Amino acid sequence: MSLTRRNLIIASAVGASAALLSGQVFADGLPVLTKKASYKVGFAQSESNNPWRIAQTKSMQDKAKELGYQLVYTDAASSAAKQVADVNSMIAQGVDLIFLTPREEKPLIPAVMAAKKAGIPVILLDRNVDQSLAKAGQDYVTFIGSDFVQEGRQAAEWLAKNANGKSKIIEIEGTTGSSPANDRKKGFDEAIAKAGGFTIVASQSGDFSRDKGRQVAETLIQAHPEADIIYTHADEMAMGAIAALEAAGKTPGKDVLVVSIDGEKDGVQAIVDGKLGSSVECNPRFGPKAFETMARLAKGEKIEPWVKNVDNFYDSSNAKDALPKAY
Ligand code: GYE
């Protein structure tokens with residue numbers, strides 16, 4: 001295509017000059033995915049230091065393999081800066097679409113915008129970006145994931161029914177600036193305030209990691225020996241908190257109630273063992289839904305801004321049955 005002055009004006013008017021040069025098409029400002037027999041797809045993972053991430057990656061790889069697509073996989077090793085660089089490298093490699101799990105809400109905005117500018121559709125998986133800086137249907141296709149506010153609320157509601165007079169809460173948060181940490185805190189803090197009679201005596205990030213969760217729990221248990229409940233934003237940190245409680249000579253599930261989110265295998269096992277009170281499931285098996293959404297996009301369907309995952313809830317009533325299928 002010869003690039004006339006008129007074309008250039010139109011292209012820059014929609015902010016898509018780079019994409020027009022590479023022959024990409026936009027609809028409503030969003031890059032379009034052309035229908036092909038096979039695709040080269042990017043999957044920019046944030047980290048792989050826990051069972052949740054490993055299960056998610058496996059699910060994506062399995063589905064890509066089944067479809068015969070080439071999956072360009074990167075692991076940002078817990079660095080938002082590396083994840084941005086990973087996306088840029090996928091753009092340079094000319095992938096057809098990018099699945100991105102934005103580690104934090106704000107730092108991944110440049111990656112979303114760079115892909116958009118290059119005419120490559122982005123589907124966000126499991127974490128969202130800052131909604132004041134980028135929007136579904138405009139800057140990226142959609143967010144596929146759980147309702148984190150609701151997850152936090154469910155953890156609080158379980159406590160409201162089962163705390164039996166225990167009331168002083170240590171909250172161990174996920175990665176600072178990540179959408180699940182922000183929203184699991186919001187949902188829990190609001191619902192626990194509404195329930196009445198509870199106090200959050202300390203709240204600190206454990207970065208969604210078992211070891212950080214253990215370290216933070218160790219410090220906070222010492223600083224607040226009166227605490228009799230620990231709420232963590234993810235099972236990995238709950239496992240760390242349980243280890244810290246045991247090291248401090250306290251019995252998790254008796255002296256201190258622990259509640260969490262994720263429903264990973266170790267978490268479900270801890271419920272069976274009576275150490276963890278409950279865990280709101282957050283299903284990491286994204287492969288089928290991710291690629292189904294991609295197929296809908298290729299058909300030209302308008303995708304809703306949020307493709308919601310529906311979560312289970314585990315406590316002593318169903319943990320044993322859930323164990324064989326847990327990740
Ligand atoms: O709960 C946690 C993981 O973003 C929803 O990230 C995901 C969370 C998940 O590290 O365990």
Side-chain angles (χ1 to χ4, degrees), residues 50-52 151-175 180-181 184-282 313-320 322-323 326:
N50 63 65
W52 198 98
E151 289 175 345
R153 202 179 287 142
Q154 276 179 275
E157 282 163 3
W158 186 88
L159 277 175
K161 284 197 204 110
N162 297 281
N164 266 327
K166 290 189 170 31
S167 65
K168 294 178 192 68
I169 305 169
I170 288 172
E171 177 168 357
I172 305 182
E173 302 167 21
T175 297
R184 285 171 184 171
K185 180 169 181 61
K186 184 176 189 281
F188 181 86
D189 291 10
E190 279 173 9
I192 214 72
K194 207 171 145 204
F198 292 96
T199 325
I200 299 173
V201 296
S203 189
Q204 201 178 306
S205 173
D207 203 19
F208 281 128
S209 121
R210 186 180 291 222
D211 201 49
K212 286 237 182 76
R214 185 188 53 74
Q215 289 169 32
V216 169
E218 205 174 277
T219 310
L220 294 182
I221 291 163
Q222 265 177 31
H224 302 276
E226 77 283 12
D228 48 15
I229 296 172
I230 297 181
Y231 161 54
T232 65
H233 291 186
D235 285 355
E236 279 298 284
M237 299 187 293
M239 296 307 107
I242 287 170
L245 285 170
E246 286 172 339
K250 301 196 185 209
T251 308
K254 281 216 177 83
D255 302 326
V256 178
L257 286 184
V258 186
V259 289
S260 180
I261 296 170
D262 267 355
E264 70 171 40
K265 196 176 218 96
D266 285 356
V268 179
Q269 181 65 55
I271 297 175
V272 174
D273 297 342
K275 296 180 180 184
L276 183 63
S278 68
S279 188
V280 186
E281 184 207 34
C282 183
F313 184 88
Y314 303 120
D315 62 10
S316 60
S317 70
N318 59 357
K320 214 170 173 188
L323 205 47

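A quick note: this is a predicted structure, and the numbers were derived from the prediction, not measured. Numbers here simply count residues along the sequence, with the first being 1.
Here the OG1 atom belonging to Thr199 is positioned 11.5 Å from the NE2 atom belonging to His224, to the nearest 0.5 angstrom. We find the OH-CG distance between Tyr314 and Asp262 to be 10.5 Å, quoted to the nearest 0.5 Å. Atom OG of Ser167 and atom CD of Glu226 lie 9.5 Å apart (nearest 0.5 Å). Note that OG1 of Thr232 and CD of Glu171 are 9.5 Å apart. Values are rounded to the nearest 0.5 Å. Ser278 contributes atom OG, which lies 6.5 Å from atom CD1 of Ile271 (distance to the nearest 0.5 angstrom).
Salt bridge annotation for Lys161-Glu157: absent, with no cationic side-chain nitrogen under 4.0 angstrom from a carboxylate oxygen. Taking a cutoff of 4.0 Å between a charged side-chain nitrogen and a carboxylate oxygen, Lys186 and Glu190 qualify as a salt bridge.
Taking both residues in full, the closest heavy atoms of Glu151 and Val280 are given as O-CG2, 3.5 Å, listed atom of the first, atom of the second, then distance. Across all non-hydrogen atoms, the minimal contact from Cys282 to Trp52 is O-NE1, 2.8 Å. Heavy-atom minimum distance, Leu257 versus Asn162: CD1-O, 3.8 Å. Contact between Ala160 and Ala195 at its shortest, heavy atoms only, is CB-CB, 3.9 Å. In plain terms, the two heavy atoms of Pro51 and Glu264 that are nearest each other are CG-OE1, 3.6 Å. Taking each heavy atom of Phe313 and Asn318 in turn, the nearest pair found is O-ND2, 2.8 Å.
A 4.5 Å side-chain heavy-atom check between Asp235 and Asp266 finds every atom pair outside the cut-off. Considering only heavy atoms from C-beta on, Leu245 stays 4.5 Å or farther from Asp255 through its side chain.
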> Passes side chain to side chain contact (heavy atoms under 4.5 Å, CB included), Tyr231 versus Ile192? Steps please.
Replying inline: CA-CA 11 Å; Tyr231 161 54; Ile192 214 72; over 6 Å; no

> Can Ser317 and Asp315 be said to form a side chain to side chain donor-acceptor pair (under 3.5 Å), step by step?
Replying inline: CA-CA 5 Å; Ser317 70; Asp315 62 10; 2.6 Å; yes

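Taking the six-membered ring where the residue is Trp, Phe208 and His233 present tilted rings, their angle falling between 30° and 60°.
Between the side chain of Lys185 and the main chain of Gly152, no donor-acceptor pair closer than 3.5 Å is present.
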